[in-house]
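The structure appears right after this line, and notes come after that.
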Amino acid sequence: MSHEPRAVSWTGTALSLLDQTALPRTVRRLDVRDVDTLVDAIVRLAVRGAPAIGVAGAYGVALAVAQARRENWTDRELADAVARLRAARPTAVNLAVCVDRAAARIPEGLDAVLAEADAVVRQDLAANRAMAEAGADWLLKRVDADRPLRILTHCNTGALATAGVGTALGVIRELHARGLLETVYVDETRPLLQGARLTAWELAQEGIPHRVQVDAAAAATVVGGLVDAAIVGADRITRNGDTANKTGTLGIALACAHAGLPFMVAAPTSTLDLATAKGASIRIEQRGEEEVLNLTAGAVTAPDGTRTRAHNPAFDVTPGTLVTALVTERGVLEVAAGELPGDHWN
Ligand SMILES: CSC[C@H]1O[C@H](OP(=O)(O)O)[C@H](O)[C@@H]1O
């Protein structure tokens with residue numbers, strides 16, 4: 001799949017979302033014309049992925065301005081709608097940053113808000129391209145293999161999570177384009193299966209060789225020498241390089257450290273939260289227990305929810321000391337070796 005059709009696009013009067021809850025079985029778009037429908041779409045991951053929800057948030061401010069005009073909202077009502085949009089999901093920093101960027105343009109009118117949202121898209125497209133190149137260059141130098149590489153990835157970090165070719169999946173696409181990718185081990189990424197449903201769909205569309213594995217297999221895949229590196233995305237990176245990403249990421253980083261393999265994080269600088277010193281301060285989204293308990297595979301269901309509870313943190317935090325390389329559009333930092341984002345970018 002190229003990055004068309006895009007996960008998020010503005011039609012001129014509505015926000016068009018590729019409904020990621022329906023993929024891969026059904027490809028359908030949602031035309032969203034009001035803020036609370038967009039908030040709901042973000043909360044239930046119809047649109048998801050840190051950069052993509054940043055884009056949706058920026059255009060969501062334009063929806064709010066148009067809705068305010070249509071429904072004669074007061075300034076307070078408009079501000080409240082923007083606040084609901086900004087708070088839809090707490091961990092990915094891109095949402096708040098991009099909503100704030102677009103909201104700052106409200107006094108100039110709808111066209112200015114749309115121009116800011118368009119700029120968010122352009123910047124993410126360019127960042128994706130830069131990260132794909134830089135990440136592939138760094139990894140090929142680091143691994144120094146005379147053969148195509150085997151990569152493990154987690155969740156979905158591709159065109160469905162960004163405005164372009166992806167973050168970690170952009171690096172993987174670049175390796176494939178250079179003829180230097182043997183295969184991708186794709187963690188299914190329970191409970192919502194972003195890997196098995198979305199990453200597999202993107203890779204299959206482009207004939208990129210891959211195999212889906214249960215999340216619990218990731219450590220043995222790494223330690224067993226089946227891959228040369230792991231590349232993941234991020235939702236929020238603090239000043240010391242601590243990285244919030246989809247639950248399960250920390251285990252992969254620990255396995256890579258144990259196996260002496262590169263653990264790479266690919267994220268645009270729009271995912272950096274340099275105002276936060278370390279990962280312990282990141283608010284981790286706690287999602288509904290039903291996502292864990294409603295096991296759909298094999299029609300197995302967990303015991304009655306009244307006694308069987310579930311723990312469903314949407315993300316975990318990987319210490320920067322386990323991040324071999326942080327790939328951004330501004331270059332690659334070897335965080336574990338002491339090159340910290342907070343020291344390099346203000
Ligand atoms: C391009 S990074 C996408 C990032 O967002 C995902 O989370 P979710 O599917 O809950 O939005 C995951 O953490 C990915 O690494």
Side-chain angles (χ1 to χ4, degrees), residues 1-24 26-67 81-82 84-89 91-103 105 110-111 113-129 131 155-170 173 192 194 197-199 201-202 205 233-235 267-268 270-271:
M1 165 188 166
S2 74
H3 52 274
E4 292 295 345
R6 282 186 182 159
V8 183
S9 55
W10 179 254
T11 68
T13 55
L15 195 52
S16 173
L17 305 177
L18 186 51
D19 183 353
Q20 299 189 36
T21 63
L23 290 174
T26 306
V27 179
R28 68 168 175 242
R29 298 196 75 87
L30 305 172
D31 270 0
V32 177
R33 299 175 191 280
D34 70 273
V35 170
D36 289 315
T37 301
L38 177 56
V39 169
D40 177 63
I42 293 171
V43 168
R44 58 189 184 82
L45 279 72
V47 55
R48 45 141 304 279
I53 59 179
V55 171
Y59 282 113
V61 175
L63 281 184
V65 170
Q67 193 175 349
V82 170
R84 289 198 300 276
L85 182 60
R86 190 181 193 277
R89 291 184 74 193
T91 305
V93 68
N94 308 59
L95 178 58
V97 166
C98 294
V99 167
D100 289 350
R101 281 182 56 178
R105 305 293 300 274
L110 178 59
D111 288 349
V113 173
L114 285 170
E116 193 65 29
D118 292 345
V120 168
V121 171
R122 277 197 312 276
Q123 288 155 11
D124 196 56
L125 275 166
N128 281 200
R129 280 194 297 269
M131 285 187 282
C155 198
N156 172 260
T157 61
L160 292 171
T162 65
V165 291
T167 58
L169 213 56
R173 282 186 158 107
L192 298 179
Q194 289 93 322
R197 292 187 303 113
L198 306 179
T199 296
W201 184 71
E202 287 198 45
Q205 300 265 327
D235 291 81
S270 58
T271 305

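- Scanning both residues, Ala119 and Arg101, for their nearest heavy atoms gives CB-NH2, 3.8 Å.
- Annotation: side chain of Leu23 is in contact with side chain of Leu160 (closest heavy-atom distance under 4.5 Å).
- For Asp124 (side chain) and Ala163 (main-chain N/O), a donor-acceptor pair under 3.5 Å exists by modelled atom type.
- Between Leu38 and Leu17 there is a side-chain heavy-atom pair separated by less than 4.5 Å.
- Atom OG of Ser9 sits about 9.0 Å away from atom CG of Leu18, to the nearest 0.5 Å.
- For the residue pair Leu95 and Arg86, the shortest heavy atom distance occurs at CD2-O, 3.6 Å.
- Considering only heavy atoms from C-beta on, Arg6 comes within 4.5 Å of Leu125 through its side chain.
- The backbone N or O of Val165 lies less than 3.5 Å from a partner atom in the side chain of Arg173, making a donor-acceptor pair.
- The two residues Ala159 and Glu202 have their closest heavy-atom pair at N-OE1, 2.9 Å.
- Residues passing the side-chain contact (heavy atoms from CB on, under 4.5 Å) test with Asp118 are Tyr59, Arg122, sequence neighbours excluded.
- Remark: the backbone N or O of Gly166 is not paired with any side-chain donor or acceptor of Thr157 at under 3.5 angstrom.
- The minimum heavy-atom distance between Ala267 and Met131, with the atom names listed, is C-SD, 3.3 Å.
- A pairwise comparison of heavy atoms in Val82 and Ala64 identifies CG2-CB, 4.3 Å as the closest pair.
- By the neighbour-count criterion of 12 heavy atoms within 6.0 Å, atom CG of Asp31 is densely surrounded, having more than that number from other residues, nucleotides or ligands.
- With 3.5 Å as the limit, one finds no donor-acceptor pair spanning the side chains of Thr91 and Asp235.
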Distance-only donor-acceptor hits, side chain of residues 41-57, under 3.5 Å, sequence neighbours excluded:
unit_1 : atom_1 : unit_2 : atom_2 : d
Arg44  : NE     : Asp40  : OD2    : 2.9
Arg48  : NH1    : Gln20  : OE1    : 2.8
Arg48  : NH1    : Asn156 : OD1    : 3.0
Arg48  : NH2    : Asn156 : O      : 2.7

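- Smallest separation of non-hydrogen atoms from Ser270 and Asn94: OG-ND2, 3.2 Å.
- Here Arg197 pairs with nothing under the side chain to side chain donor-acceptor pair (under 3.5 Å) rule; sequence neighbours left out.
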